Amino acid sequence: MLVPSSKYDIKCPYSMNPSAVTRHDTANDASAMSEISYMIGNSLEVSYHVAVDDYRAVQGLPFNRNGWHAGDGSKATGGNRTSIGVETCYSKSGGDRYVKACDNALTVIAKICHDEGIPVTRVFYHKHWSGKNCPHRLIAQGVTEEEYRTLVQNRYNEMYGGGNVVNTSKPSTSASGLKHKVGETVSFKGLATSSTASSHTTNIAVKKGKITRIVSGAKYPYLINGGTGWVNDSLITSGSSSSTSSSSTSYYKKYTGNSTSLDTILKDIGVPSTYYGNWEKRKPLAKANGISSYSGTASQNEKLKSLAKTGKLKKVGSSSSNSSGSSSYYKKYTGSSNSLDAIFKAIGVPSSYYGSWEKRKPVAKVNGISNYTGTASQNEKLKSLAKSGKLKKA
């Protein structure tokens with residue numbers, strides 16, 4: 001139940017790449033729907049992303065926009081500008097409804113960590129950011145922030161089969177002392193499961209990929225293909241920086257002004273005039289940036305603005321937005337296994353896209369399978385595409 005874009009200036013004026021989750025108690029006895037309805041309906045600079053009660057969760061803000069919930073102003077590194085705010089209902093009186101809401105909040109926060117790539121170590125109490133006694137009831141019960149993170153991790157393990165959430169805090173494209181950069185295609189002899197893993201394995205099916213993130217100071221600083229695994233300089237056997245320059249030229253420059261006019265923003269960052277002036281002209285640009293059926297709606301235009309402001313607006317016809325290139329497909333499966341997960345693993349599909357049918361949904365969607373539910377016929381289609389080398393990358 002998202003706030004309308006017309007109220008973004010009040011409720012969520014900044015674009016955000018979330019790197020944390022903030023746990024709150026509402027200090028009220030209202031339902032999640034009532035909390036979100038009230039937040040959206042008023043004109044106060046108070047806002048949060050999700051409210052959770054004893055039987056459902058309601059989202060009020062997009063996760064790529066900030067909220068005013070952490071009490072630490074608008075500084076770029078603060079809780080308001082970096083974290084997803086989760087309000088737990090019925091904390092005023094407590095009781096059974098609050099207990100159930102707390103249990104549901106663990107599920108919601110674990111899901112957010114999983115879906116947004118936020119490590120459990122980045123789950124904080126409101127008190128962490130501004131000193132406020134919140135979540136007041138958890139604090140009164142003596143549940144420390146560290147103990148709460150353990151509860152979240154346990155719930156994450158129940159939901160996703162264990163393991164730590166990958167640390168995807170915003171990395172640099174290069175780092176001092178490291179030999180390779182984001183966008184570089186490298187060959188490697190081993191992979192680790194996270195940037196902070198204690199060890200790596202050399203028993204790997206995928207031995208080549210593109211560096212998509214760098215976490216400076218980590219034991220395994222380079223993330224491969226957005227999720228295949230992590231490597232360091234000692235594991236990399238060869239690399240080519242030629243892809244780095246082509247990657248950087250696939251995006252328009254970052255918009256740093258304060259205009260809210262989409263055409264002004266596009267002009268400022270160097271978009272050719274053939275791609276702006278009316279919504280029909282913007283259609284190729286929208287398509288290149290993953291916005292299908294573009295019709296110039298407020299939400300679609302906000303996405304374009306957000307991409308421009310983060311320097312991630314792809315150029316029309318760029319290699320990164322061109323789905324017809326051979327690099328847009330996983331390698332052809334030549335083995336004999338009938339297990340879809342085994343096939344995916346062998347051809348280099350990131351583990352975040354298999355293990356259950358829910359995880360496979362993004363791959364299915366990219367490959368033209370709408371309403372994917374993991375049926376036998378749907379899975380056979382995925383296998384057939386993999387065996388013919390025509391399985392598109394998610």
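Please read all numbers here as calculations on a predicted model, not as lab measurements.
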Aromatic [Y] / basic [X] pairing, under 6.0 angstrom, 45° off normal:
X: K392; Y: Y330; value: no
X: R360; Y: Y354; value: no
X: R23; Y: Y125; value: no
X: K312; Y: Y251; value: yes

Do [X] and [Y] make a side-chain contact, defined as non-hydrogen atoms from C-beta onward lying under 4.5 Å apart?
X: Y275; Y: K281; value: no
X: S15; Y: L307; value: no
X: N64; Y: M16; value: no

In terms of side-chain geometry, is the basic nitrogen of [X] or [Y] positioned less than 4.0 Å from the acidic oxygen of its partner?
X: E380; Y: K383; answer: yes
X: E280; Y: K283; answer: no
X: D103; Y: R155; answer: yes
X: D29; Y: R97; answer: no

Are more than 12 heavy atoms, taken from residues, nucleotides or ligands other than [X], located less than 6.0 Å from that residue's [atom1] atom?
X: K361; atom1: NZ; result: no
X: K359; atom1: NZ; result: yes
X: K267; atom1: NZ; result: no
X: K92; atom1: NZ; result: no

* Apply side chain to side chain contact (heavy atoms under 4.5 Å, CB included) to the pair T82 and W129, showing each step before the final yes or no. => CA-CA 11 Å; T82 64; W129 302 109; 4.0 Å; yes
Pairing donors with acceptors under 3.5 angstrom, does anything connect the side chains of [X] and [Y]?
X: Y220; Y: H200; answer: yes
X: T297; Y: Q300; answer: yes
X: D341; Y: S339; answer: no
X: N301; Y: Y294; answer: yes
X: Y98; Y: D25; answer: yes
X: Q153; Y: N157; answer: yes
X: S37; Y: S34; answer: no
X: N66; Y: N80; answer: no

* Asked: So H180 and Y222, would you call those rings parallel, tilted or perpendicular, with 30° and 60° as cut-offs?
  ->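 Perpendicular.
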* Working for ring-ring contact (aromatic ring centres under 6.0 Å, His included), residues H69 and H24 -> CA-CA 9 Å; H69 57 88; H24 300 266; 5.0 Å; yes
* From Y8 atom OH to S299 atom OG, the distance as rounded to the nearest 0.5 Å ->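 Reported to 0.5 Å precision, the distance equals 7.5 Å.
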